Amino acid sequence: MAKQFRRAMERSLLDCLAYRGLISQDNLDAAVEEAVSRGVDLETVLLDKYRVPKSDLGAALSEFYQCPYVPLDERTVIDPDLLKNLSVDYLRNNSWIPLKRQGTVLDVVINDPHDLDKGLDIRRAFPGVTVRFSVGLRRDIEQYLLVVTGQANGASITEILGELVTEAGSERNSEADKGDVDENDSAIVRLANQVIADAYRLSASDVHIEPYSEQKETAVRFRVDGTCFTYMRIPAVYRRAIISRIKIMANLDIAERRKPQDGKIRYKLAKDRQIELRIATLPTAGGNEDVVMRLLTAKETMPLEAMDFSPDILQTIKSLAVRPHGILLCVGPTGSGKTTTLHAVLRHINTDERKIWTAEDPIEITQEGLRQVQVHPKIGFTFAAAMRAFLRADPDVIMIGEMRDKETADIAIEASLTGHLVLSTLHTNSAVETVTRLLDMGCDSFNFADAMQGIVAKRLCKRICEACKEGYHPTRQEYDELVQGYGARYWERLGVEYTDNLVFYRGRGCEVCNKTGFKGRVPLHELLVGSEEIKGLIQSKARTAEILNAAMREGMVTLVQDGIQKVLRGVTTYRQIRAVAMK
């Protein structure tokens, strides 16, 4: 019997498992014997008793069957239309399931792609299509079927879509009718809620919903730790309904599809947990609309000490923050933590003796002691108008959300020259380039030079996962890249030489970080302080390179240099630094 079982499995598959070092030959023989004697499949014995990793077993199956291995992915959305003529018990007994259909191509996951009888059954069930086989583990296929039938634990996107088809009624036969699923349908409501809940659970900063044509599935992408990835695909028939549902939640006009709209959603996750989402819709090709949702979680203000500043920069920022007047700017791209940094500075100086006004759009972070104002540009209440009002309201410190135009910048400079400390943000690439940007906007170079106290530039790059962090000895080439990136003449100050004991760090990849090796983000900082020499160069409208050289002579550490110091501390990698910073 054991010999027949081995012939059925084919020797090459068993050899593949042993060759890959997943299991010893003796254990493999024992596993085959046990599978035969117990009447179970070999997969169960290997996974449960011999702890063979699912990914490794799947890779061996893929190599043997010469087709892709599809692991279980709870984000996979199975179109319920594919299952309406199939018995779930039949699929469970035969271990296959149709995953998705694109045009005339049907993707099927099956535990044995070489089984000719199953192949004939599949072609009979789906005549006139090209079947593309992938191999999957029997227990993963079983889990897909549990999700489809609503027996899996927790809320399931597939289960919701299955309900949607049932509720919409079997009378919808044409594609045109299918496109008009009602946005108030209970399953569509649950689908939108589930997308938001999943985004919050995965700590996503943004959600992108991207509909395509009637034949192509709608993509839902999440941005986590600064990188986008496709979280799920929703069948095209629901694309209009899901967009309309989100527009209703944000109080937008669902009839207007030709121009961009923006709004907000206050979403209650639990009794004591509420998040706010900023919604932007944009009309896209084919009469579709894209939706981008930014999650604005009601965060607590972080202390300056928790923001990974180097000791020198932290001490300097604290000394600048307590000055009676001047301008302190925080610059960087969208989502780099500028507002978070300014609120940390405000927390440091937020005492009973200081009156602090802030104008923000939107108000993302709140703290007691600040008087915070939400600007409304549509009714003429701009940052500039708020600044003028603040100057009549006896301030000590003013924080302005963003200096978008010359008018706001001029009023901020004027306020700083009349005895107020002004904090603001700006979208520029580095601290030194901020000076050039403001002068290009038309600000007076003498006034700005007198007002400027300091400019902090920020970036966020990926942090090495603490769960799978490992040390390794770098190659000479890696070391030379760091030296070149830092600048050879400045490298000597660090005192790091290439020796046999030099250790860098990287993430091996684990379940915690989803096999990426990175989890969370670490900030990079660059601080330009308004010294007498720097102010003189600003007044003479010197070139960016001249100001940069003068600042570095005075000890300024650039974004890349700060990042390389964090590489040496084992917090991130040089490749991640170069992905977000150039100088």
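Below, each value reflects all heavy atoms present in this structure, side chains not excepted, and no hydrogens, waters or symmetry copies. This one's a predicted model, so the numbers in the text were calculated from it and none came from an experiment.
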Side chain to side chain contact (heavy atoms under 4.5 Å, CB included) between H427 and T334, worked out: CA-CA 7 Å; H427 286 105; T334 304; 3.6 Å; yes
Looking at T227, V207, L295, which one forms a side chain to side chain contact (heavy atoms under 4.5 Å, CB included) with F222? V207
If we ignore hydrogens and angles and just use 3.5 Å, is the side chain of Q367 paired with the main-chain N or O of H343 as donor and acceptor? yes
Evaluate the criterion side chain to side chain contact (heavy atoms under 4.5 Å, CB included) for residue pair L482 and L568; output intermediate values, then yes/no. CA-CA 10 Å; L482 277 195; L568 296 174; 4.1 Å; yes
Counting only N and O atoms by type, is there a donor-acceptor contact under 3.5 Å from the side chain of K338 to the main-chain atoms of P333? yes
What is the distance from atom OG1 of T339 to atom CD1 of I365, rounded to the nearest 0.5 Å? 6.5 Å
Check I534 against A551 and note the closest heavy-atom contact, atom names and distance. CD1-N, 3.8 Å
Is the side chain of T358 donor-acceptor paired with the backbone N or O of M399 at a distance under 3.5 Å, no angle test? no
State, yes or no, whether a side-chain contact exists between N350 and R354 at a heavy-atom distance under 4.5 Å. no
Test item: E492 side-chain N/O and R489 main-chain N/O as donor-acceptor pair under 3.5 Å: no
Side-chain donor/acceptor pairs under 3.5 Å, residues 539-546, sequence neighbours excluded:
residue	atom	partner	partner atom	Å
S540	OG	G536	O	3.3
S540	OG	L537	O	3.0
T544	OG1	T436	OG1	2.9

Among R463, R521, K458, exactly one meets salt bridge (Lys or Arg N to Asp or Glu O under 4.0 Å) together with D308. Which residue is that? R463
So with a 6.0 Å cut-off around CZ of R371, is the heavy-atom count from everything else above 12? no
Heavy atoms, side chains only, cut-off 4.5 Å: are Y231 and V195 in contact? no
Is there a side-chain contact between V567 and Y505 in this structure, where contact means two heavy atoms from C-beta onward sitting under 4.5 Å apart? no
Main chain of L559, side chain of R459: is a donor-acceptor contact present, judged purely on distance under 3.5 Å? no
Using only atom types and a distance under 3.5 Å, with no angle test, would you say the side chain of N288 pairs donor to acceptor with the backbone of Y212? yes
Find the distance between CZ (F446) and CD1 (I413) and round it off to the nearest 0.5 Å. 13.5 Å
Test item: T425 side-chain N/O and C330 main-chain N/O as donor-acceptor pair under 3.5 Å: no
I need the L296 CG to L277 CG distance, nearest 0.5 Å. 7.0 Å
Hey, is CZ on R201 packed in by over 12 heavy atoms from elsewhere, all under 6.0 Å? yes
Verdict with supporting geometry, E526 and M556, side chain to side chain contact (heavy atoms under 4.5 Å, CB included): CA-CA 7 Å; E526 174 180 291; M556 184 184 88; 4.1 Å; yes
Can you name the closest pair of heavy atoms from T408 and E402 and give their distance? CG2-O, 4.1 Å
Should the heavy atoms of other residues, nucleotides or ligands under 6.0 Å from CZ of R323 be counted, would the total exceed 12? yes
For Y267, look at atom OH and say whether over 12 heavy atoms of other residues, nucleotides or ligands are found less than 6.0 Å away. yes
Under the side chain to side chain donor-acceptor pair (under 3.5 Å) test against E289, which residue among Q261, R257, K247 passes? K247
Considering residues at least two apart in sequence or located in another chain, which fulfil the side chain to side chain donor-acceptor pair (under 3.5 Å) criterion with D290? T284
How about H325 and S416: do any of their side-chain heavy atoms sit closer than 4.5 Å? no
Less than 4.0 Å between a side-chain N and a carboxylate O, is that true for E481 and R575? no
Taking atom CD of Q374 as the centre, report whether more than 12 heavy atoms of other residues, nucleotides or ligands fall under 6.0 Å from it. yes
Nearest heavy-atom pair of A412 and M403: which atoms, and what distance? CB-SD, 3.7 Å
More than 12 heavy atoms from other groups under 6.0 Å of CD on E256: yes
Qualifying ring pair (Phe, Tyr, Trp, His ring centres under 6.0 Å) pairs, either residue in residues 521-562, two or more places apart: F309-H525
Over all heavy atoms of both residues, which pair between A431 and L528 is shortest? Give the atoms and the distance, please. CB-CB, 3.8 Å
For residues Q194 and D198, is any side-chain donor paired with an opposing acceptor at under 3.5 Å? yes
Min side-chain heavy-atom separation I411-F383 under 4.5 Å: no
Side-chain contact, heavy-atom cut-off 4.5 Å: S205 with R223? yes
Side chain to side chain contact (heavy atoms under 4.5 Å, CB included), paired with I246, selected from I196, V291, T281: V291
Atom pair CD1/CD of I577 and Q565 - distance to nearest 0.5 Å: 10.5 Å
Could you tell me whether the side chain of Y498 and the main chain of P474 form a donor-acceptor pair under 3.5 Å? yes
Would the distance check show the side chain of R347 and the main-chain N or O of T301 forming a donor-acceptor pair, the cut-off being under 3.5 Å? yes
Check: G520 main-chain N/O paired with D225 side-chain donor or acceptor under 3.5 Å: yes
Step through the shown structure and confirm whether more than 12 heavy atoms of other residues, nucleotides or ligands are within 6.0 Å of CZ on R578. yes
Does I464 reach the side chain of F518, with side-chain heavy atoms less than 4.5 Å apart? yes
Over all atoms of both residues, closest heavy-atom pair of D562 and L524: OD2-CA, 3.4 Å
Salt-bridge present (D206, R294; N to O < 4.0 Å): yes
Y490 and Q561: which non-hydrogen atoms are nearest, and at how many Å? CD1-NE2, 3.5 Å
Are the side chains of L191 and I234 in touch, meaning some heavy atoms are under 4.5 Å apart? yes
Value for CZ (R388) from CD (E414), rounded to nearest 0.5 Å, stands at 9.0 Å
No-hydrogen, no-angle side-chain donor-acceptor test under 3.5 Å, T351 and E353: yes
Distance, nearest 0.5 Å, that separates CG of L438 from OG of S445: 11.5 Å
Pair D361-R404, side chain to side chain contact (heavy atoms under 4.5 Å, CB included): steps then yes or no: CA-CA 12 Å; D361 183 26; R404 293 175 182 166; 3.9 Å; yes
